[in-house]
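Heads up, the thing below is written out as structure tokens.
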Amino acid sequence: IPGYGDSPPVEMAVTAQGRRAFLDRVLQELGLQRPVLISPSMSGRFALPFLLAHGDRLAGFVPIAPVGTKDYTAEQYRRVQTPTLILYGDRDTRLAPQALQNLQHLPEHRVAVLSGAGHACYLDKPEDFHQALLGFLRQLK
């Protein structure tokens with residue numbers, strides 16, 4: 001994610017609109033058509049604005065306890081028709097419940113909870129994570 005860790009900051013990533021445009025540019029440069037967007041933690045600042053504006057361009061969305069879910073209203077989420085797998089670890093007691101509370105307004109969602117996993121559930125329980133993700137991907141059109 002630009003501006004996090006050791007990555008250089010990106011001027012356009014300062015606003016939600018800029019982050020949406022940045023992600024749009026990345027997907028265009030990669031030539032991806034209707035990808036499934038997987039969004040763990042801090043990447044929610046990029047993925048959520050993109051989902052709300054361009055969800056129809058995604059085959060699916062997999063939020064993993066992303067940040068920023070409270071920045072949008074239930075009504076904004078209800079307008080998104082993108083198939084969504086809300087995925088989190090049951091030991092993530094801070095960010096996951098907040099994300100679930102907001103993301104559950106997405107009409108085409110289902111939930112997968114990884115038992116014994118924390119915030120980085122894909123690292124804590126990789127086999128369970130991949131099983132849930134592959135099950136979701138198989139159901140997409």
Side-chain angles (χ1 to χ4, degrees), residues 1-30 32-141:
I1 299 172
Y4 294 96
D6 293 330
S7 65
V10 174
E11 185 75 28
M12 69 188 307
V14 174
T15 66
Q17 183 177 358
R19 290 187 296 271
R20 180 185 74 219
F22 177 82
L23 183 54
D24 187 28
R25 178 83 185 265
V26 168
L27 296 178
Q28 284 180 20
E29 290 290 323
L30 293 172
L32 298 177
Q33 312 234 339
R34 295 197 32 89
V36 173
L37 184 58
I38 299 175
S39 177
S41 197
M42 293 301 288
S43 69
R45 294 266 182 232
F46 290 79
L48 291 170
F50 186 87
L51 173 73
L52 293 173
H54 303 298
D56 59 326
R57 291 174 38 201
L58 297 173
F61 180 57
V62 183
I64 307 166
V67 301
T69 61
K70 66 182 186 300
D71 296 345
Y72 305 98
T73 66
E75 185 53 43
Q76 286 175 293
Y77 287 120
R78 285 188 195 105
R79 286 185 230 135
V80 176
Q81 296 300 312
T82 308
T84 299
L85 174 64
I86 301 169
L87 210 154
Y88 64 93
D90 67 354
R91 291 190 178 163
D92 183 356
T93 56
R94 201 182 108 252
L95 197 51
Q98 179 185 84
L100 177 62
Q101 180 181 4
N102 295 303
L103 295 172
Q104 69 185 347
H105 297 290
L106 292 166
E108 299 295 323
H109 83 273
R110 68 185 231 204
V111 178
V113 181
L114 302 187
S115 181
H119 183 62
C121 61
Y122 42 88
L123 295 177
D124 294 342
K125 297 285 186 169
E127 288 182 25
D128 294 344
F129 170 78
H130 286 107
Q131 190 172 29
L133 179 60
L134 289 172
F136 174 69
L137 295 176
R138 284 187 196 104
Q139 290 188 326
L140 296 176
K141 296 174 181 132

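What you see is a predicted model, and the numbers here were worked out from it, not measured in a lab.
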Side-chain donor/acceptor pairs under 3.5 Å, residues 121-132, sequence neighbours excluded:
unit_1: Asp124; atom_1: OD2; unit_2: Gly118; atom_2: N; d: 2.6
unit_1: His130; atom_1: ND1; unit_2: Pro126; atom_2: O; d: 2.7

Practice prompt. Decide side chain to side chain contact (heavy atoms under 4.5 Å, CB included) for Val111 and Tyr88; before the verdict, give the C-alpha distance in whole Å, the side-chain angles of both, and the deciding distance to 0.1 Å.
Written response: CA-CA 8 Å; Val111 178; Tyr88 64 93; 3.8 Å; yes
Fill in: Worked check of side chain to side chain contact (heavy atoms under 4.5 Å, CB included) between Val26 and Glu29
CA-CA 5 Å; Val26 168; Glu29 290 290 323; 5.9 Å; no
Discussion item. Using the rule given for side chain to side chain contact (heavy atoms under 4.5 Å, CB included), can you reason through Gln81 versus Asp56, listing the C-alpha separation, both sets of side-chain angles and the distance that settles it, and then say yes or no?
Written reply: CA-CA 7 Å; Gln81 296 300 312; Asp56 59 326; over 6 Å; no
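When side chains are defined from C-beta on, Ile38 counts as touching Leu133, because their heavy atoms get closer than 4.5 Å. Taking the side chain as every heavy atom from C-beta outward, Ser39 and Ile64 never approach each other to under 4.5 Å. Side-chain atoms of Leu103 and Pro66, non-hydrogen and from C-beta on, do get closer than 4.5 Å to each other. Residues Leu87 and Leu114 have side chains in contact (heavy-atom distance under 4.5 Å, counting atoms from C-beta outward). Here the side chains of Thr82 and Glu108 are not in contact, with every heavy-atom distance at 4.5 Å or above. Annotation: side chain of Leu58 is not in contact with side chain of Val36 (no heavy-atom distance under 4.5 Å). Residues Val62 and Thr84 are not in side-chain contact: their nearest non-hydrogen atoms beyond the backbone lie 4.5 Å or more apart. Residues Tyr77 and Leu52 have side chains in contact (heavy-atom distance under 4.5 Å, counting atoms from C-beta outward).
Residue Gln98 comes nearest to Thr69 through the heavy atom pair O-OG1, 3.7 Å, listed as atom of the first residue, atom of the second, then distance. Leu95 and His119 make their closest contact through CD2-CE1, 3.4 Å (heavy atoms, listed as atom of the first residue, atom of the second, distance). Smallest separation of non-hydrogen atoms from Ala96 and Gly89: CB-O, 4.4 Å. Listed here is the closest heavy atom pair of Ala65 and Ala99: CA-CB, 4.1 Å. Here the closest heavy-atom approach between residue Pro83 and residue Leu140 is recorded as CB-CD2, 3.6 Å.
If you take CZ on Arg25 and CG on Leu30, they are separated by 11.0 Å, rounding to the nearest 0.5 Å. Rounding to the nearest 0.5 Å gives a distance of 9.5 Å between NE2 of His105 and CG of Leu100. With values rounded to the nearest 0.5 angstrom, Phe50 atom CZ is found 12.5 Å from Phe22 atom CZ. Taken to the nearest 0.5 Å, the CG atom of Leu37 stands 5.5 Å off from the CG atom of Leu23. Interatomic distance, CZ of Arg138 versus CG of Leu134, reported as 5.0 Å (0.5 Å rounding).
Residue pairs meeting the salt bridge (Lys or Arg N to Asp or Glu O under 4.0 Å) criterion with at least one member in residues 74-92, sequence neighbours excluded: Glu75-Arg78, Glu75-Arg79.
At most 12 non-hydrogen atoms from other residues, nucleotides or ligands lie less than 6.0 angstrom from CD of Gln33.
Arg110 contributes no side-chain N or O that, together with a main-chain N or O of Leu85, makes up a donor-acceptor pair within less than 3.5 Å. Side-chain N or O atoms of Gln76 include one that pairs as donor or acceptor with a backbone N or O of Thr73 at under 3.5 Å. Using modelled atom types, one side-chain atom of Gln104 and one backbone atom of Gln101 make a donor-acceptor pair closer than 3.5 Å. Of the possible donor and acceptor atoms, one in the side chain of His109 sits under 3.5 Å from a partner among the backbone N and O of Leu106. With hydrogens and angles ignored, the 3.5 Å screen pairs no side-chain donor or acceptor of Arg20 with any backbone N or O of His54.
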